S.K.: 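Below you'll find the structure I mean.
Everything numeric here is computed off the predicted structure, so don't read it as measured data. In what follows, every heavy atom counts, from backbone to side chain, and hydrogens, waters and symmetry copies are set aside.
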Amino acid sequence: MNITPQQAKVLLLEEHNFSQLGFSMMLTRLKSVFAEDPSQEVLENSTQEINAFLDKFKGVMKDDLMIILNL
């Protein structure tokens, strides 16, 4: 599953509750970076990092994937 840059932007700008601590921690870090520099390049890099995380841990993120799919 891959998210689009538009979905990543929603994740970076809005608050969502996820069950996976690692995913929440990564989003907190990416939100901080994006808040300092909301450029297209940072958004693309964040999208790639989120997609890599989702690909690696998709087996344990079933509930969270449903939230992400509905963005």
S.K.: Output the distance between atom CG (Leu27) and atom CE (Met25), rounded to the nearest 0.5 Å.
M.R.: 11.5 Å

S.K.: Is Val60 reachable from Ile67 through a run of I, L, V, M, F, W or Y residues, each pair having side-chain heavy atoms under 4.5 Å apart?
M.R.: yes

S.K.: Verify, without hydrogens or angle tests, whether Asp64 (side chain) and Gln20 (backbone) share a donor-acceptor contact under 3.5 angstrom.
M.R.: yes

S.K.: Find out if a path of hydrophobic residues (ILVMFWY) with successive side-chain heavy-atom gaps under 4.5 Å connects Phe57 to Leu21.
M.R.: no

S.K.: Evaluate side chain to side chain contact (heavy atoms under 4.5 Å, CB included) for Leu71 paired with His16, printing each intermediate quantity in order.
M.R.: CA-CA 10 Å; Leu71 295 178; His16 299 279; 3.6 Å; yes

S.K.: Taking atom types as modelled and ignoring hydrogens, do the side chains of Asp63 and Ser19 form a donor-acceptor contact shorter than 3.5 angstrom?
M.R.: no

S.K.: May I ask you to decide if the ring planes of Phe18 and Phe23 are parallel, tilted or perpendicular, using 30° and 60° as cut-offs?
M.R.: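 Because their plane-to-plane angle is over 60°, the rings of Phe18 and Phe23 count as perpendicular.
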
S.K.: To the nearest 0.5 Å, what is the distance between CG on Asn2 and CD1 on Ile50?
M.R.: 11.0 Å

S.K.: Between Pro5 and Thr47, what is the shortest heavy-atom contact and its length?
M.R.: CA-OG1, 3.5 Å

S.K.: With a 3.5 Å distance limit and no angle check, can you tell me whether Asp55 reaches the backbone of Asn51 through a side-chain donor-acceptor pair?
M.R.: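 Pair absent, no side-chain N/O of Asp55 close to backbone of Asn51.
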
S.K.: Hey, are Glu44 and Gln48 close enough side-chain-wise for a donor-acceptor pair under 3.5 Å?
M.R.: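 Judged by distance alone, the side chains do not pair up.
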
S.K.: Check for a donor-acceptor pair, side chain of Lys31 on one end and backbone N or O of Glu14 on the other, with a separation under 3.5 Å.
M.R.: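 Yes.
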
S.K.: Would you find more than 12 non-hydrogen atoms of other residues, nucleotides or ligands less than 6.0 Å from Asn70 atom CG?
M.R.: yes

S.K.: What's the separation between atom CG in Leu11 and atom CE in Met26, rounded to the nearest 0.5 Å?
M.R.: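 So the gap between those two atoms works out to 8.5 Å.
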
S.K.: Taking all heavy atoms of Gln7 and all of Ile68, pick out the closest pair and write down the distance.
M.R.: NE2-O, 3.8 Å

S.K.: Which distance, rounded to the nearest 0.5 Å, do you find between the CG of Leu30 and the CG of Leu12?
M.R.: 6.0 Å

S.K.: Quick one: CG on Leu65 to NZ on Lys58, what's the gap to the nearest 0.5 Å?
M.R.: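 The distance works out to 9.5 Å.
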
S.K.: May I ask whether Leu54 and Leu69 are part of the same hydrophobic cluster, defined by side-chain heavy atoms of I, L, V, M, F, W, Y residues being less than 4.5 angstrom apart, directly or through others?
M.R.: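 Per the 4.5 Å side-chain linkage, Leu54 and Leu69 are co-clustered.
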
